[in-house]
Amino acid sequence: MSHLVIALPDRVFEEQFPALLALLNDGDGHNSIQIDISRVKFLTPAAIVAVVSRCHRWMREGVKVSLGGLNQCESLGYLQRMDFLTHLGIDLPETFQRHDADGRFVPVKSLNFAHGNVDAIASEITHCVFPGTSPYDDVFQALQYAAGELLSNAKYHSGGRAFACAQFFPQRNLVRIAVADDGQGIRMSFTGTSRENEAQTPDEAIRLALQPGVSSALLRPNLNPYGGQNHRGVGLSITRILAKEAGGELAIGTESGWFREIRGHEQTRPRVALSFPGTLVALTLHRDQIADYAAMHEAAMAEIGMAGLDTHDIFSD
Amino acid sequence: MNLEFQMVEEFGDFLADGHLGNQFRSLRVECVWNRIESVTFDFTGVTNITDSFVHACFGNMVEDHGDEFLAKAKFKGCSRLVRSFLSIAVAEGLRKHRELHRGS
């Protein structure tokens with residue numbers, strides 16, 4: 001029986017995602033894996049859901065997964081609050097009040113869409129990050145929209161189980177939200193479609209998925225019992241533009257594919273041999289750079305070539 | 001037949017799930033479309049919406065019926081944000097309808 005210890009780094013911010021994914025990839029092929037958290041001081045929401053999602057996949061495959069280094073971990077309380085330990089099967093006594101989470105973070109949520117729709121889960125995440133904020137507030141609406149679209153993609157494209165969490169950093173006015181699933185990955189979702197040739201590699205598949213109007217669902221024979229399409233391939237493209245306009249970033253990892261854009265500038269692909277079964281999407285938005293969400297969304301739609309009606313006869317007060 | 005749907009009662013204040021939007025379109029509207037003289041979708045109380053929902057629900061509807069949708073349907077109680085989403089989805093549906101029926 002082969003046993004592997006994966007020691008998580010002390011801090012994982014967006015820059016360190018690829019290295020983390022490469023590190024997790026080492027676990028494949030082992031019967032027993034221990035995730036050592038002794039050095040951990042901070043993990044972003046994306047890092048947390050990536051580890052949880054990967055561990056759950058291993059567990060489903062019959063691999064024994066355990067946590068080590070709990071006594072040495074300076075951030076044990078933080079990881080507990082994020083429900084990182086709970087999702088890996090460790091329940092320790094808690095010395096904090098759960099309602100403290102409001103306004104700062106959303107603990108890891110295991111997304112069972114059969115028991116909650118996309119709208120309810122996205123709203124719950126947004127209310128948790130911005131408690132007491134009016135649902136007409138521009139920042140609230142932008143985050144709710146992005147959460148809705150990311151969760152919708154996980155629900156319909158992954159075919160697997162998804163995890164999400166989020167965090168608000170008041171000093172930097174920064175919101176981080178991440179969704180990870182252990183489904184088929186983006187490349188496989190294009191397999192058998194007319195655009196399969198444009199998605200031969202995971203990197204190519206990400207680029208194809210980011211194109212406005214491209215959705216693997218639109219390219220398949222429509223098996224929808226209601227006819228029509230549930231997707232138009234618009235949500236991810238608009239989320240990408242919102243991230244750019246809000247001074248934030250979008251990162252996507254799927255299999256060995258990687259994409260990261262900061263304020264609209266694509267970053268050089270890291271040289272590490274990363275791998276993530278399924279899809280990981282991480283989004284950051286700067287709260288102070290979202291002044292008029294309706295105008296931002298309209299401009300984003302215009303950027304992908306979609307404009308509203310010339311006439312407003314269809315609207316009444 | 002004149003229909004009116006209170007969208008907040010159907011879906012809550014945030015309309016995000018494309019599957020539910022498409023289901024509503026099919027089971028509540030399309031199945032009686034030929035008997036409808038007018039249909040009003042009242043968005044009073046709806047605070048937010050996604051592109052997935054609006055295109056699956058109204059984009060598909062307009063793509064199927066084209067100008068007939070404009071003649072029968074009205075949107076009521078829309079905030080500036082909701083109005084913008086609907087306007088784009090309807091325009092896009094009309095574009096697709098006209099593309100599909102060009103020359104027919």
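Throughout, a chain's letter reflects where its sequence line sits, starting with A, and its residues are numbered from 1.
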Exercise. Is there a side-chain contact (heavy atoms from CB on, under 4.5 Å) between B:Cys78 and A:Phe315 once you walk through the steps?
Worked result: CA-CA 8 Å; B:Cys78 302; A:Phe315 294 99; 4.0 Å; yes
For this session: Identify which part of B:Glu30 has an atom lying under 4.5 Å from any heavy atom of chain A, answering side chain, backbone, both or neither.
Result: neither
Seminar exercise, completed: Heavy-atom nearest pair, B:Ser52 first then A:Ser152, reads OG-OG, 4.0 Å
For this session: Please check if the side chain of B:Thr50 supplies one atom and the backbone of A:Gly148 the other of a donor-acceptor pair under 3.5 Å.
Result: no
Exercise. Is the CZ atom of B:Arg95 crowded by more than 12 outside heavy atoms at less than 6.0 Å?
Worked result: yes
Problem set entry | Residue selection (most heavy-atom pairs with chain B, distance under 4.5 Å) from A:Ala295, A:Ser316, A:Ala294 | A:Ser316
Exercise. Does a side-chain heavy-atom distance below 4.5 Å link A:Asp292 with B:Arg80?
Worked result: yes
For this session: Say whether, by atom type as modelled, one donor and one acceptor occur between the side chain of A:Gln144 and the main chain of B:Phe14 under 3.5 angstrom.
Result: no
Exercise. Salt bridge or not for A:Asp313 and B:Lys74, using N-O below 4.0 Å?
Worked result: no
Problem set entry | Check: A:Asp119 side chain, B:Asp17 main-chain N or O, donor-acceptor pair, under 3.5 Å | no
For this session: Indicate yes or no for a side-chain donor-acceptor contact from A:Glu149 to the backbone of B:Asp51 under 3.5 Å, with no hydrogens or angles considered.
Result: yes
Exercise. Nearest heavy-atom pair of B:Ala16 and A:Val118: which atoms, and what distance?
Worked result: CB-CG1, 4.0 Å
Exercise. Which of parallel (below 30°), tilted (30 to 60°) and perpendicular (above 60°) describes A:Tyr293 and B:Phe85?
Worked result: tilted
Problem set entry | Contact class of B:Lys72 relative to chain A, heavy atoms under 4.5 angstrom | neither
Exercise. How long is the gap from OH on A:Tyr136 to CG on B:Asp13, to the nearest 0.5 Å?
Worked result: 7.5 Å
Exercise. Among A:Gly235, A:Ser123, A:Ala307, who wins on heavy-atom pairs under 4.5 Å with chain B?
Worked result: A:Ala307
Problem set entry | Interatomic spacing from OG1 in B:Thr47 to CD in A:Gln141 - rounded to 0.5 Å | 6.5 Å
For this session: Side-chain contact test, heavy atoms from C-beta onward, threshold under 4.5 Å: evaluate it for A:Leu309 versus B:Leu94 and give yes or no.
Result: yes
Exercise. Any side-chain heavy atom of B:Phe69 sitting closer than 4.5 Å to one from A:Ile314?
Worked result: yes
Exercise. Say you draw a straight line from CD of B:Glu92 to CE of A:Met301; how long is it, rounded to the nearest 0.5 Å?
Worked result: 7.5 Å
